[in-house]
Amino acid sequence: MSSTSPSTPETASQHPETGTARVKRGMAEQLKGGVIMDVVTPEEAKIAEDAGAVAVMALERVPADIRKDGGVARMSDPDMIDGIISAVSIPVMAKSRIGHFVEAQVLQSLGVDYIDESEVLTPADEVNHSDKWAFTTPFVCGATNLGEALRRIAEGAAMIRSKGEAGTGNVVEAVRHLRQIKGEIGRLRSLDHNELFAAAKELRAPYELVKEVAELGKLPVVLFSAGGVATPADAALMRQLGAEGVFVGSGIFKSGDPAKRAAAIVKATTFYDDPKVIADASRDLGEAMVGINCDTLPESERYANRGW
Ligand SMILES: O=C(CO)[C@H](O)[C@H](O)COP(=O)(O)O
């Protein structure tokens, strides 16, 4: 395994029984260019699959409803996850709370294809994320900046999504976080090798990972964008800004015509650099979800602040 990359060797050899980083990261590679849709029932999962989603994400409530209803947001009911797995042939992801490694163990035992250790659910641990190397199931995690992304990768995440502000229907934070991550990667590339040690200290990330990103000019795992994508043009924007795919939740299932909007977002994600196709995909979609202005959102209601 040491022939892969600096971010993988010790983990694979220390945990040979739990699946290799190469396999886990490779699964995310297969989703590139696609849309991963939040679903809360088997019926929604079917709508997502029929619309062309590359995977679905099972959760208890879409983020807009978590915001509206409040309370503690947890892993979905196992029966619901089983139902979603049976309903579709595409990969099924499911969310665990940050640091709730027992929810993650349960999700792995249910046979989900990916676990999202997600800030959208109520964190279970205010200090520690789960040790993701301890699982055979790969994990995706959110990040608002490069240091956060690299800390999650050091813990074993095999895919990163920029966080955005889930459940707002407002793409502004998704843009901010993706630009932040891409901008910091660009800055690392301009440093000479002597400067990478100080950069690692500033990023609060392992030196070997920082060096790898500086050399590659990208993360060593797939980078998607999430949180607030609500229209075909939003999805295309994130792709043009460098996201390798998008997660969409509330924007689809809190809209007037979920099936139509889901298909339109898939089309725009595929043809993200063709304004004519995006224009056509944007026609006659019915009502978009009502959004929230992020500058009026109190700090305590910002999910992106969860995780560190
Ligand atoms: O956490 C997620 C990614 O795993 C959600 O799927 C995503 O953030 C949904 O946000 P929104 O409802 O704003 O589309």
Side-chain angles (χ1 to χ4, degrees), residues 28 31 34-40 44-45 48 53-69 73-76 84 91-98 103-104 107 112-123 138-144 148-149 152 157-178 222-235 237-238 243-255 258 261-262 265-266 268-269 288-294 297 301-307:
L31 305 175
V35 182
I36 300 170
M37 298 182 193
D38 282 0
V39 297
V40 302
E44 286 187 0
V54 289
V56 289
M57 170 76 71
L59 72 171
E60 149 192 274
R61 291 169 279 166
V62 290
D65 286 335
I66 295 173
R67 280 189 187 284
K68 184 163 62 72
D69 302 341
R74 313 178 176 93
M75 171 188 83
S76 282
I84 290 170
V92 175
M93 301 183 167
K95 287 187 194 294
S96 72
R97 285 178 261 177
I98 289 175
E103 282 190 348
L107 294 175
V112 303
D113 297 289
Y114 241 87
I115 298 169
D116 184 356
E117 189 181 23
S118 178
E119 72 285 353
V120 168
L121 304 188
T122 311
F139 277 71
V140 54
C141 286
T144 57
E148 196 178 3
R152 297 297 81 79
M159 179 181 190
I160 294 291
R161 54 177 171 75
S162 56
K163 283 181 178 171
E165 200 48 68
T168 61
N170 188 338
V171 80
V172 66
E173 296 297 308
V175 169
R176 185 201 311 283
H177 298 155
L178 190 65
V222 167
L223 172 62
F224 269 46
S225 172
V229 172
T231 68
D234 286 350
L237 173 67
M238 301 320 299
E244 294 177 293
V246 293
F247 287 85
V248 187
S250 322
I252 291 173
F253 287 103
K254 303 310 285 181
S255 75
R261 187 167 290 265
I265 288 177
V266 168
T269 302
M289 80 173 272
V290 179
I292 297 175
N293 254 330
C294 289
L297 206 58
E301 288 174 28
R302 286 179 181 265
Y303 298 156
N305 289 347
R306 298 168 170 175

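Order of appearance sets the numbers: ligands from 1, and atoms from 1 within every ligand. Numbers here are sequence positions counted from 1.
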Quick check: [X] and ligand 1, any N/O pair under 3.5 Å apart?
X: Gly167; answer: yes
X: Lys163; answer: no
X: Glu165; answer: no

Which ligand 1 atoms does [X] reach within 4.0 Å, using its non-hydrogen atoms?
X: Gly228; value: 11 (P), 13 (O), 14 (O)
X: Met57; value: 4 (O)
X: Pro63; value: 9 (C), 10 (O), 12 (O)
X: Asp116; value: 1 (O), 3 (C), 4 (O)
X: Val120; value: 1 (O)
X: Phe247; value: 3 (C), 4 (O)

So which heavy atom on [X] is nearest to which on [Y], and how close?
X: Ala304; Y: His177; value: CB-CE1, 3.7 Å
X: Ala45; Y: Ile84; value: CB-CG2, 3.8 Å
X: Ala243; Y: Leu178; value: N-CD2, 3.6 Å
X: Thr168; Y: Met289; value: C-CE, 3.9 Å

Tell me if a side-chain donor or acceptor on [X] pairs with a main-chain N or O of [Y] at a distance below 3.5 Å.
X: Lys254; Y: Gly167; answer: no
X: Glu165; Y: Glu173; answer: no
X: Asp113; Y: Val92; answer: yes
X: Arg261; Y: Ala230; answer: yes

So is [X] in contact with ligand 1, going by heavy-atom distances below 4.0 Å?
X: Val248; value: yes
X: Ala64; value: no
X: Met93; value: no

What's the shortest distance from [atom] to any protein heavy atom, and which residue and atom give it?
atom: atom 14 (O) of ligand 1; result: Gly249 N, 2.8 Å
atom: atom 2 (C) of ligand 1; result: Lys95 NZ, 2.9 Å
atom: atom 12 (O) of ligand 1; result: Ser250 OG, 2.5 Å
atom: atom 6 (O) of ligand 1; result: Asp38 OD1, 2.5 Å
atom: atom 10 (O) of ligand 1; result: Ala166 CB, 3.4 Å

### Query
Should Ile252 and Glu44 count as side-chain neighbours, where that means a heavy-atom distance under 4.5 Å?
no

### Ser118 and ligand 1 - part of the residue with a heavy-atom distance under 4.0 Å
side chain

### Query
Side chain, backbone, both or neither: which part of Glu119 comes within less than 4.0 Å of ligand 1 when only heavy atoms are counted?
neither

### Message
Could you go through Leu297 and Arg67, starting from their C-alpha distance and side-chain angles, then the distance that decides it, and tell me whether this counts as side chain to side chain contact (heavy atoms under 4.5 Å, CB included)?
### Response
CA-CA 11 Å; Leu297 206 58; Arg67 280 189 187 284; 4.0 Å; yes

### Task
Go through the steps for Lys163 and Tyr303 under the test side chain to side chain contact (heavy atoms under 4.5 Å, CB included), then give the verdict.
CA-CA 8 Å; Lys163 283 181 178 171; Tyr303 298 156; over 6 Å; no

### Task
Give the intermediate values and the outcome of side chain to side chain contact (heavy atoms under 4.5 Å, CB included) for residues Ile36 and Phe224.
CA-CA 9 Å; Ile36 300 170; Phe224 269 46; 3.7 Å; yes

